Every structure is written in structure tokens, then in C-alpha cells.
Protein chains: 2
Amino acid sequence: MEEGTSTSLGYPEGTVSAWSDAHQWDTREDCEVRQILDRIADKWSLLVLALLAERPLRFSELRRRIDGVSQRMLAVTLRHLERDGLVSRTVFPVVPPRVDYALTELGESLGSTVQALVEWTEGHQERIIEARNRYDSAKVSAEA
Amino acid sequence: MEEGTSTSLGYPEGTVSAWSDAHQWDTREDCEVRQILDRIADKWSLLVLALLAERPLRFSELRRRIDGVSQRMLAVTLRHLERDGLVSRTVFPVVPPRVDYALTELGESLGSTVQALVEWTEGHQERIIEARNRYDSAKVSAEA
DNA sequence: TTCCATACTTCCCAATGGTGACCCAAGATG
DNA sequence: CATCTTGGGTCACCATTGGGAAGTATGGAA
């Protein structure tokens, strides 16, 4: 998208700081942000990260803690997070296999943010549920 | 999933605090957290929230800013966020229709967290990309 | 009269997520 | 010896979802 010609939304260039002007996650390099955000901010990743932020856990522990997650999804999620360098995978060659997952240093730097997100959700779930009910009943009466 | 028989991980009830040991998002009431987290922390919602945290925007502005998003997905996302009471929708009955979206008070309380997440991503994308490359090349050589 | 813009909605198909079955290894159990 | 169990996975398949294209309504411009 052409910078200069962008019209009604044209912010004067030069006002740029981390969070100012044309925050645009599109065809530019920033699209990688989109891609990464996608990865870390999906359903299971957030939960895994939040749990691992507390302490390292084994595969089966994670599975039990999260418990809506299927083996495949947990495995896939962990593999993604490992690929992205956010979690480390330690295999103990013992006979019932044992694999520990922990946050890497990089992962830890995300941990607090993710926890903040989860905590926000916990703290505000009631208000959200209220809002949903309001919205739904308003919609129903509007349709009537 | 028998509660009582669950062994090594059986948490005694009553030891639960906001972020203590028994963080388990499963069959209990906490499952709502999962549901909500799902909603707010998906691909487009985060980006929308982050953008609206800067300032209110119109539908088409959001679309241009995010620009990987289809009309449908943006509409769906906004409807969800509106339902959850995180964004407000203001329709101006003018002739090319105009609809403004803004964070509600509730949405604003999330805004900073979401921004933090996005900023983290922006700040660490290079390290993640490096990690990916490392992982991928390690995997390739392992397969050879 | 046709075209344009905005803000959607509907339809359809491909991609993706998720489920359950199966696999592997070795020690315990019968 | 055969079989079961346990932990950590993979695989094939199906349901859900995401995304693209096109349709809708409105009134003003060309």
C-alpha cells in the first residue's frame, strides 16, 4: 500500500514511535509479526506458555492440566513453540519415556505478558459474560 | 477423568489461588477462561484490539491497516469483540455508511496487555526467526 | 443511467483443527 | 512366555473454520 498516496488516513511521517502512526501489518516486513503473533497467540500456545511460566512440566502433566487438548494438538503446539525457540524439550532416555518442557530464556520474556493476558481474562470473565448476555438479548429483541 | 482417583497430580481442593499450583483449565468453571481466551486471543482479534487501543477506527480503516483480513473475517471479529463488550460500534446514518469502532472501557483495560504482546512480538521477531532457522536446519540434517 | 463507495452478508470451497486409533519400547504381572 | 501398562508420540480421517468472490442497500457523482 502506497505510503504517500494514502489519503484520509495519512499520518504525517515523522510522528513515528513504537506505537504511533501507520501501524499496518500488511505486505511489508511487518507481516512476520502477524505470522508470529498467530503462532504464539493461538488457543493452546497461550495456555502452554502460561503453565510453563509457572514451572517446567512433562508432556503428560501439560496434557492433564490443560485437559481439553488432544495429544496431537499438544504435540503440535509444543513442536511449534520449540521451533520458535520459546520452549525447550528435554528427553530422558528412560523406559517409560520422559520429556520435560520448559520455557527458554526467550520464552520467559514472553511469560509474564501471557500470564497477564490470562489473568486479565480470569479477572474479567464475568464482565464479558454479562456483556454477552446483554448483546444476545438485545439481538433477540431486535430480531423480534 | 475421575477426580478422586487422579493420582500424582491430584490437587487438594482449597489450595487454589489465582496463580498457584492448581492451574488447570479443564472441566471446572475455569473452562470459561479458555473460551474467552480463545476469543480474544485469536489471530485477528489481537490485531484489532491493538489498533483500536491507539484510537478509534472505521471499518475500512481497520481493513486497510490489517490488510490480510477479509471483509468477512473483520466483520466476524468485530462482532465477537462487540458481543464481548470490548469494542463499541457507532453507526452514523450517512450515505456512504460510516461505522466507528472503539474500545470500551473494558476493552481499554485489555488494550495495554495486548499491545504488550504485540510489542513483544515486534521486538523479538528476529530471535524467533533465527530459532526457526536453527530448528529447521537441525531437523533437515537429522533427517539426512 | 451507470458507477462508486461503505459496510456489511451469503455462498462455497479449501485448509485447518481435532478425534480416535495405532505404534514403540521395556518392565511389571500372570 | 504372553500380555498389559505407561509415556510420548504419529497417522488417517472428518468436522469446523477461514477466506475469496460476489451480492445487497443507499444515495450522490459522472
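So you know, we letter chains A, B, ... as the sequences are listed, proteins then strands, and number each from 1. Heavy atoms only: backbone and side chains are in, while hydrogens, waters and symmetry mates are out. Remember, it's a predicted structure, so these values are computed and weren't measured experimentally.
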Round to a whole Å and report the spacing from CZ of F92(A) to C1' of dT6(D). 17 Å

Could you check how far CG of L74(A) sits from P of dG8(D), rounded to whole Å? 10 Å

Using the side-chain contact (heavy atoms from CB on, under 4.5 Å) rule, take L37(A) and K43(B) through it: C-alpha gap first, then chi angles, then the decisive distance, then the call. CA-CA 7 Å; L37(A) 212 58; K43(B) 188 162 173 173; over 6 Å; no

Using the salt bridge (Lys or Arg N to Asp or Glu O under 4.0 Å) rule, take D136(B) and R83(A) through it: C-alpha gap first, then chi angles, then the decisive distance, then the call. CA-CA 8 Å; D136(B) 291 345; R83(A) 183 167 108 99; 2.5 Å; yes

Separation of F59(B) CZ from Q71(B) CD (nearest 0.5 Å): 5.5 Å

Mind calculating the distance between CD (Q35(A)) and P (dG18(D)) to the nearest angstrom? 18 Å

Strictly below 4.0 Å: does W44(A) bring a side-chain N or O up to OP1 or OP2 of dG18(C)? yes

What is the distance, to the nearest angstrom, from the NZ atom on K43(A) to the C1' atom on dT19(C)? 13 Å

Got a second to check how far R58(B)'s CZ is from R64(B)'s CZ, nearest 0.5 Å? 8.0 Å

List the protein contact pattern of nucleotides 3-13 of chain C with one symbol per nucleotide (5' to 3'): B for base contact, S for sugar-phosphate-only contact, - for none; contact means a heavy-atom distance under 4.0 Å. ---BSBBBB--

In whole Å, what is the span from the CE atom of M73(A) to the P atom of dC13(D)? 17 Å

D42(B) backbone acceptor or donor facing S45(B) side chain under 3.5 Å: no

T104(B) side-chain N/O to G85(B) backbone N/O, donor-acceptor pair under 3.5 Å: yes

Nearest-Å distance for atom pair CG/C1', residues D42(A) and dA15(C): 16 Å

